[in-house]
Amino acid sequence: MPAESPSVPTSRPSRNFIQQIIDADRAKNPQVVVHTRFPPEPNGYLHIGHAKSICLNFGLANEYEGKFNLRFDDTNPAKEEQEYVDSIIDDVRWLGGDWEDRLFFASDYFDQLYDWAVKLVKNGKAYVCDLTAEEMREHRGTLTEPGKDSPYRTRGVEENLDLLERMKAGEFPDGSRTLRAKIDMASPNLNLRDPVMYRVKHAHHHRTGDNWCIYPSYDYTHGQSDSIEGITYSICTLEFENHRPLYDWFIQQLEIHPPRQIEFARLNLSYSVMSKRKLLQLVQEGHVAGWDDPRMLTIRGLRRRGYTPEAMRAFCERIGVAKFNSTIDMAWLEDAIREDLNERAMRRMAVMRPLRVVLTNVQPGEPLELEVPNHPQKLEEGKRKVKMGREIFIEQEDFMEDAPKKFFRLKPGGAVRLRGAGIAICEEVVKDKEGKVAELKCSFNPDTTAQVDGKKVKGTIHWVDADSALDCEVRLYDHLFTVEIPDVAPEGGSFLDNLNPSSLETTIAKLEPSLADATSGESFQFERVGYFVADSVDSKPGKPIFNRTVTLRDTWGKSQRK
RNA sequence: UGGGGAGUGGUGUAAUCGGUAGCACGACGGAUUCUGAUUCCGUUAGUCGGGGUUCAAGUCCCUGCUCCCCAGCCA
């Protein structure tokens, strides 16, 4: 093995702040293992922000040869459902997250949690409080004023134990009593002002059924669940930073394995909204067709849109991890999927807005039999047979009557290459009664390299044989919102005012016949148009429906729009 | 106005003990091209402000500014 040239410094890949923390821990103690977890609440579908967290947690475990758990934070039966559990499991797996045999539920720990609560009561660290929700709010104080002690704060241990037992036994109605940690009502951190550990909730839980009528709060559950599972790095988003002292407090009082909580900034993407509440609103008010609408940045929506796990992971890798509240440009997401699909998507031809072209010197009933490569950069992908008869369709926008000099496509008297077929010269423009271009008559030369007027033909356009073309529904998706930050709305308005009215355009396109065999979820590049995927819900055998995943980069179009 | 966090080109993200501000994406320009795609090459532009310490400050000290989070029996 040749020695490394000293003149070339080994460039260490840059490490995010969490990796740096772990590196430092391991430098001090080589024994430390990395054990992370992804802890969703099963009260909705996962979105791309969760993907960032999954990739982070799973990626860390992978990198340090540690472990990764999937654990549901199911402490609020009022909001949680099995349906969400199932979809989350499916999405995490699709993304590539592997929890092996470590699929857990916080509800698995309800007994242990209760025993620990009893211990805290016995140690004088928790008490049963009879304040109503409203009274508790009044006692809590404000951001600038300390709170007042609850009158029940000084209840004796025996009474607390008895009351807690009876809460659990179902003697009290919802909301009548809580178990609270006895910390400090004057703390500047409101989370430490005697936070609720248990509330009475006579509700059916998707896993524990009717076994419980008191349920532990997030704060009392999360850290201990981490501890039970032997989690070493409990990674969560920034809004939990204020909860860390409480997280640590419970662990310390209970004298159990202490995981370390580290917070990072959640993902924001331009032209989109990310909160569960808003996504839910989009679905419920019918602004989109459902949680898996391809315009939604839910994992399910992205899957249906044609995003691949590889592209999602590459995206998450690229955006990095930090504590700065940033907004990533949607273009990065689009770039990630282009990069992936450019490699793996087979090329096909499809015309979105057809314009009929008659090739005057091609004989009717004697179509040409052509062979076109499936992937020009990867000839090993082979070729497919494509027929070309006397009549074909080209894209309306590939013809211009009064074309600017830099227009390399078809114009009256001009020449263009028909991809994989030959050169067409526009001899005649046929118009309808309104004066709109209805049809073109072109002469055709099957020599693709033929020169015209001594010059080689610069432009190449795609086309589809009119006779054998498939009429298929194609859905052209665009950003769901018209502005970068949809939450910035006009006075009195909401993010809904920024909805993009043309985020979905449905068209019946002309596709080359081989596309009839597309299998659900299969991606293609429609040459010069974009990447498309056969819709996994609405496609029928032999009759696919395509969703546009993303357009191709279009520097010419962009320069024209300016 | 209490407490907890955060500010590096257009957007993200690095910079070891205080030692050449790097990388990616975008934008712009060019080369190649049977996809105005891809690929390749090049250019562009940054340490929130003001003081201070120092031979040397993104980094240390002081001070100011801006943004985010917290007053659920949600997570």
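Proteins come first, then strands; the chains are lettered A, B, ... in the order of their sequence lines, and each starts at number 1. Computed from a prediction, not measured in an experiment: that's the story for all the values here.
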> Not counting sequence neighbours, which residues clear salt bridge (charged side-chain N to carboxylate O under 4.0 Å, His left out) with A:Glu165? List them please.
none
> Dot-bracket for RNA chain B, 5' to 3', with Watson-Crick and G-U pairs under 3.5 Å, [ ] for crossing pairs and | for other-strand pairs: what is it?
.((((((..((((.....[..)))).(((((.......)))))....(((((..]....))))))))))).....
> By side-chain hydrogen bond (donor to acceptor under 3.5 Å, both in side chains), which residues pair with A:Glu343, not counting sequence neighbours?
A:Lys378
> Ignoring backbone atoms, establish whether A:Thr555 has a side-chain N or O less than 4.0 Å from OP1 or OP2 of B:A37.
yes
> For atom C1', what is the distance between B:G26 and B:G10, given to the nearest Å?
7 Å
> List the atom pairs, with distances to 0.1 Å, where a side-chain N or O of residues 38-46 of chain A and a protein N or O form a donor-acceptor pair under 3.5 Å, not counting sequence neighbours.
unit_1, atom_1, unit_2, atom_2, d
A:Glu41, OE1, A:Asn43, ND2, 2.9
A:Asn43, OD1, A:Lys276, NZ, 2.5
A:Tyr45, OH, A:Glu83, OE2, 2.5

> Considering only heavy atoms, which members of residues 337-345 of chain A lie under 4.0 Å from some atom of RNA chain B?
A:Asn342
> Quick one: does A:Leu179's side chain get under 4.5 Å of A:Tyr220's, heavy atoms only?
no
> Mind checking what makes salt bridge (charged side-chain N to carboxylate O under 4.0 Å, His left out) contact with A:Lys455, not counting sequence neighbours?
none
> Hey, is A:Phe408 stacking on B:G36? Ring centres under 5.5 Å, planes under 30°.
yes
> Who passes side-chain hydrogen bond (donor to acceptor under 3.5 Å, both in side chains) against A:Trp116, sequence neighbours left out?
A:Gln112
> Could you list the residues that satisfy salt bridge (charged side-chain N to carboxylate O under 4.0 Å, His left out) with A:Asp194, not counting sequence neighbours?
A:Arg153
> Go through the structure and list residues passing side-chain contact (heavy atoms from CB on, under 4.5 Å) with A:Ser514, not counting sequence neighbours.
A:Arg348, A:Arg384, A:Glu512
> Who passes side-chain hydrogen bond (donor to acceptor under 3.5 Å, both in side chains) against A:Asn191, sequence neighbours left out?
none
> With rounding to the closest Å, how many angstrom separate the C1' atoms on B:G50 and B:U13?
28 Å
> Between B:A27 and B:U63, how far apart are the two C1' atoms, rounded to whole Å?
38 Å
> Polar atom pairs between nucleotides 44-48 of chain B and protein, under 3.5 Å, N or O only, would you list them?
none

> Along nucleotides 67-75 of chain B, 5' to 3', which nucleotides get a B, which get an S, and which get a -, given that the test is a protein heavy-atom distance under 4.0 Å?
-SBBBSBSB
